[in-house]
Amino acid sequence: MLVLQVLSDRAMHGYELVQSITARTAGALEFGEGSIYPILHRLEAAGVLAGKRELAGGRNRVVYRLTPKGRKHLVSTVHSWRDVVAAVERALEGGERAEPRLA
Amino acid sequence: MPNPDWLEALRVELRRQRLPAEYSARLMEELSDHLVDVMEDTMSIGVRDVDAVHRRMGAPRDVARTAATEFRRRGFFGRHPLLTFVALPIVAAPVVWISALFLVLGMAGVWKFSVNQGWAAAELSANGIGWLKFGCVMMMVLPTIAAAWAFGRVAVRNGLSWRWPLFACVILGAFIAVAGVDTRWSMVPGKSQMILSLGFGLGAKELFYEAARFAAPIAVACWVLTRATRGEPTAIAS
C-alpha cells in the first residue's frame with residue numbers, strides 16, 4: 001500500500017522509491033532496501049504497476065508507475081486499511097465498554 | 001562499483017531458492033544499480049563503511065527469501081502448493097486412468113474389437129499382439145508422464161521446492177504401478193478380452209514392470225527439474 005501510495009504521485013525507480021518511503025515515514029520503518037524489488041516485481045506481474053526501462057538520473061533504470069488498475073487497488077486498500085486501524089483503535093480504547101468521550 | 005561480494009552472496013542465495021534464471025537476472029540487475037546508488041550516497045557524506053551499505057541493502061539471504069516468497073505469491077500454483085501437488089494428483093490419477101480406459105474402449109469399438117465380427121488372435125501376428133499390449137500400457141503411462149512433466153514445469157515456473165513435484169509424481173507413480181491393463185487374445189472372433197485391475201503382481205516380472213511404471217514419472221520430474229537448474233543468474237556489475 002505504501003509503495004502504491006508513493007507511486008501514485010509520480011513514476012519512480014527503485015532507489016528513488018525507497019528514499020521517498022524513508023522520507024515520508026521519517027525513517028520510522030526499517031527494511032532491507034533490496035527487498036523492495038521483489039515486491040515491485042510481484043505488483044508488476046499483477047498489473048498494478050508498470051515497469052519500463054528509461055534514462056533516469058543519468059543511468060538506464062527500470063522506472064515504475066501506477067496503472068489504472070493500480071489506482072483502483074490503492075483506493076480499496078487504503079479504505080480497508082483505515083477500517084482496520086479504526087477497529088483496532090476502538091478496541092484499544094476499550095471497545096463497547098469504553099466511556100463515551102465528552103465533547 | 002557495486003560490491004561484488006554482496007552480489008555474489010545474493011546470486012548463491014537466489015540459486016538456493018531455485019528461482020527462474022530470468023527472474024533472478026533481472027533482480028540482480030536492478031539490485032546492482034541500487035547498490036551503486038547506495039554506495040554513491042554513503043560516499044557523498046564521507047562514510048566508507050561497507051557494512052553500512054550491506055545493512056541498508058539487507059542480508060542476501062533475507063533478500064533472496066523475500067524474492068522467493070513474492071515470486072511464489074504471483075501465481076495460484078505458488079500460493080497453493082498443497083492443493084496443486086497433493087490434492088490434484090490424487091484426484092487426477094484415477095481420472096486420467098479412467099479417461100485412458102474409455103479411450104481404449106472407444107478405439108476398440110471403432111475397430112470392432114470384441115464384437116461378433118471382431119478380430120481374433122489368428123488374424124494378428126505375434127508382433128501385432130505385442131504392440132497392442134504395449135499400446136494399452138502406454139495409454140496409461142503417457143498421460144502420467146505428461147502430468148509429471150507438467151508438475152515439474154509448474155514447480156520451476158513458480159520457483160517452488162523440488163519436494164512438491166516429486167511428491168506429486170510419487171502419487172502418480174504409485175497409482176500407475178498398481179493400476180494394470182492387460183489383454184487376452186483368443187483364436188475365436190469376439191472372445192478376446194481386455195482386463196483392468198488394481199493391485200500388485202507377485203511375480204518378479206510383474207514387480208519389475210510395476211517398479212518401472214512407479215519410477216517413470218519421478219524420473220521425468222527429476223529430468224525437468226535438473227534441466228531447469230542449469231541456467232544460473234549472472235551478476236551484472238556495471
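A, B, ... follow the sequence lines: proteins, then strands. Residue 1 opens every chain. Hydrogens, waters and symmetry mates are skipped; everything else that's a heavy atom, side chains included, is used.
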- Task: Walk me through it: do A/Arg61 and B/Asp37 pass the test side-chain contact (heavy atoms from CB on, under 4.5 Å)?
- Result: CA-CA 11 Å; A/Arg61 309 174 203 235; B/Asp37 288 324; 2.3 Å; yes
- Message: So, taking the atom named NE2 in B/His34 and the one named CG in A/Leu17, what distance separates them when rounded to the nearest 0.5 Å?
- Response: 9.5 Å
- Is any residue of residues 40-47 of chain A within less than 4.5 Å of chain B by heavy atoms, and which ones? A/His41, A/Arg42, A/Glu44, A/Ala45
- Query: Hey, are the side chains of A/Tyr15 and B/Val38 touching, using non-hydrogen atoms and a 4.5 Å cut-off?
  - Reply: yes
- How would you list, in number order, the residues of residues 73-84 of chain B that have a heavy atom less than 4.5 Å from chain A? B/Arg73, B/Arg74
- Note on the structure: Correct closest heavy-atom pair for A/Gly34 and B/Leu31 would be CA-CD2, 3.4 Å
- Task: Work out which heavy atom in A/Asn60 is nearest to a heavy atom in B/Asp33; give both atom names and the distance.
- Result: O-OD2, 3.8 Å
- Task: Find the one option among B/Met57, B/Arg56, B/Arg65, B/Arg55 whose heavy-atom pairs under 4.5 Å with chain A are most numerous.
- Result: B/Arg56
- Does atom CZ of B/Arg157 have more than 12 heavy-atom neighbours from other groups under 6.0 Å away? no
- Message: Is it the case that over 12 heavy atoms from other parts of the model lie below 6.0 angstrom from the CZ atom of A/Arg82?
- Response: no
